[in-house]
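Report on the structure given below.
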Amino acid sequence: MARIRLLVLDVLKPHQPSIIELAKELSDLPHIDGVDITVYEIDSKVENVKITIKGTTINYDEIMKVIEDKGASIHSIDKVASGKEIVEEAQTHQDSPH
Amino acid sequence: MARIRLLVLDVLKPHQPSIIELAKELSDLPHIDGVDITVYEIDSKVENVKITIKGTTINYDEIMKVIEDKGASIHSIDKVASGKEIVEEAQTHQDSPH
Amino acid sequence: MARIRLLVLDVLKPHQPSIIELAKELSDLPHIDGVDITVYEIDSKVENVKITIKGTTINYDEIMKVIEDKGASIHSIDKVASGKEIVEEAQTHQDSPH
Amino acid sequence: MARIRLLVLDVLKPHQPSIIELAKELSDLPHIDGVDITVYEIDSKVENVKITIKGTTINYDEIMKVIEDKGASIHSIDKVASGKEIVEEAQTHQDSPH
Amino acid sequence: MARIRLLVLDVLKPHQPSIIELAKELSDLPHIDGVDITVYEIDSKVENVKITIKGTTINYDEIMKVIEDKGASIHSIDKVASGKEIVEEAQTHQDSPH
Amino acid sequence: MARIRLLVLDVLKPHQPSIIELAKELSDLPHIDGVDITVYEIDSKVENVKITIKGTTINYDEIMKVIEDKGASIHSIDKVASGKEIVEEAQTHQDSPH
Amino acid sequence: MARIRLLVLDVLKPHQPSIIELAKELSDLPHIDGVDITVYEIDSKVENVKITIKGTTINYDEIMKVIEDKGASIHSIDKVASGKEIVEEAQTHQDSPH
């Protein structure tokens with residue numbers, strides 16, 4: 001079956017463990033080329049982060065397990081790319097109104 | 001006859017199956033190089049997603065069948081590229097008002 | 001005489017035949033490298049589309065014939081590029097006010 | 001004497017002959033590599049177009065003659081590049097206020 | 001364990017030592033390829049700076065020690081990239097509202 | 001002594017001679033690779049133009065002489081780059097407020 | 001010790017000597033590859049300029065001496081890059097609010 005190559009997740013997490021620990025564990029999973037975690041909102045107890053994962057065969061269940069084991073939760077899956085190559089989202093005239 | 005090389009669809013789908021499952025099935029179709037699915041609106045029951053499909057010979061009927069078998073519906077076809085090469089939409093002075 | 005290499009058309013068309021059919025037929029014409037059709041406005045009966053055609057020698061009469069045979073009409077020719085190479089429109093300080 | 005390599009003209013023209021005819025004739029002139037004509041305003045009788053001409057030695061008098069023979073008139077010369085290479089306009093902090 | 005490749009820190013520091021001294025010391029740490037420090041706010045006593053660190057194996061504890069030894073404090077970790085390659089954050093439709 | 005490689009001038013000039021003549025003469029000067037002249041404001045008597053000059057060793061006095069011989073005047077020198085290579089202005093967080 | 005590779009300074013200077021003289025002297029310093037000086041504000045007596053200096057080993061004291069010998073003063077150091085390579089500032093979600 002076709003492979004998942006790119007995955008973007010919106011995640012709510014406690015401050016600890018830090019995004020450094022989370023990034024390390026996610027990129028330690030098999031078939032993962034790299035992980036970017038960017039914080040976009042912080043309050044006193046939690047932080048909202050956007051996680052971009054690139055790989056040759058991303059296994060969502062493994063990703064979810066690592067995230068939930070850290071006390072964090074996946075709020076939404078915002079983007080996924082699959083197939084022989086990573087296709088970029090094409091721009092259309094429907095994009096501006098959103 | 002000329003080949004369809006790029007297709008952008010606006011699709012309304014239930015939350016399940018996830019965009020991961022949908023992307024996998026679409027990129028499993030013959031002559032598909034890759035698929036990007038980006039979520040642009042979520043409510044409690046459904047989500048609106050933009051699907052970008054790149055391939056050497058995209059068969060729209062097969063694409064539609066996979067999407068509808070998942071309980072989703074194609075709201076509109078927003079862009080298509082065909083021919084020997086994928087031509088990018090040229091920018092014009094008519095673009096800004098839209 | 002010099003060759004037309006790029007043509008951008010603003011076209012009003014009925015929903016059927018779809019932009020997929022229209023793109024296929026346009027890119028089947030001789031000396032056409034590729035065609036991009038992007039929808040920028042849809043209402044209940046018609047849709048406004050922007051067609052970008054790239055080729056080595058684009059014949060406007062043939063293009064127009066295919067479009068009109070589909071029940072569509074060319075609203076305006078928004079851009080044309082001709083010559084040995086496809087020259088990009090240069091940016092000027094006169095561009096912003098438009 | 002140094003050569004003109006790029007010329008951008010703001011031109012007012014009647015609808016006929018079309019920008020396709022005008023582009024063809026301009027790119028047929030000697031030492032012209034390519035021509036881009038983009039329409040930025042249309043009313044019932046005339047259209048305002050921006051013409052970008054690239055070449056190895058652009059002769060302005062020949063360009064002007066072709067344009068005026070078509071019943072069009074050059075409103076302004078908005079940009080010119082000359083020399084051994086085509087230099088791009090550098091961005092400065094004085095650009096934003098205009 | 002997977003390596004940290006890129007780290008972005010929001011740091012509050014006294015004016016002395018300068019960002020020049022801080023950059024030198026950070027890029028002297030082992031496995032660091034380069035450091036960029038950009039000032040984004042200055043008042044009479046302190047300055048807020050954004051530090052981007054790129055390396056083959058970034059050790060956060062060493063980074064923190066250098067920064068705190070200069071009398072500065074890390075306000076937040078804004079981005080981290082880990083793995084075999086530095087993955088760029090993907091753009092999504094969820095980005096604009098933030 | 002180090003060489004001037006890029007120079008950007010804000011110049012006020014009469015309509016005649018045209019920017020075509022001015023560009024030709026400037027790019028005829030020794031050690032000049034190319035010249036871009038872009039018009040950013042026109043009124044009935046004069047026009048404001050931005051001149052970008054690229055070269056291996058730009059001599060400002062020669063540039064000024066050509067411009068003033070045409071009845072034009074240099075309003076300001078907006079940018080200069082010197083040295084072994086043309087360095088681009090780096091973006092900083094201080095840029096937006098201007 | 002690690003080398004300074006890029007330095008961005010905000011400098012207040014009298015109109016004379018011109019930015020041409022200042023750029024020449026700065027790029028004459030040892031280990032400097034190039035200098036860009038861009039004017040961002042001018043009043044009757046002084047001008048505010050942004051100086052970007054790129055080199056293999058930038059010596060801040062030498063830079064400061066040249067600037068102050070010209071009667072100018074360094075208002076702030078806005079950016080510095082050090083190390084084996086020039087790292088670009090990474091974009092984060094914290095950038096927009098500033």
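Atom set for the values below is all heavy atoms of this structure, side chains included, hydrogens, waters and symmetry mates excluded. Chain naming here is simple, since letters A, B, ... match the order of the sequence lines and numbering starts at 1 in each.
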#### Entry: Structural part of I86(G) lying under 4.5 Å from a heavy atom of chain E
neither
### Summary
The interface call for I4(G) against chain E, heavy-atom contacts under 4.5 Å, is side chain
### Query
If you measure from the Lys or Arg side-chain nitrogens to the Asp or Glu carboxylate oxygens, is any gap between E25(E) and K70(E) under 4.0 Å?
yes
### Message
Heavy-atom pairs under 4.5 Å with chain G - which of L29(E), I51(E), I20(E), V8(E) has more of them than the others?
### Response
I20(E)
### Message
Hydrogens and angles aside, do T38(E) and K50(E) bring a side-chain donor and acceptor to less than 3.5 Å of each other?
### Response
no
### Query
If only atom types and distance count, is the side chain of R3(E) paired as donor or acceptor with the main-chain N or O of I58(E) below 3.5 Å?
no
### Query
Quick one: do D61(E) and K65(E) make a salt bridge, cutoff under 4.0 Å?
no
## Note on the structure
chain G shares the most heavy-atom pairs under 4.5 Å, among V49(E), N48(E), V39(E), with V39(E)
### Query
I32(E) versus chain G, heavy atoms under 4.5 Å apart: side chain, backbone, both or neither?
backbone
#### Entry: Value rounded to 0.5 Å, distance of OG1 in T52(E) from CD in E88(G)
9.5 Å
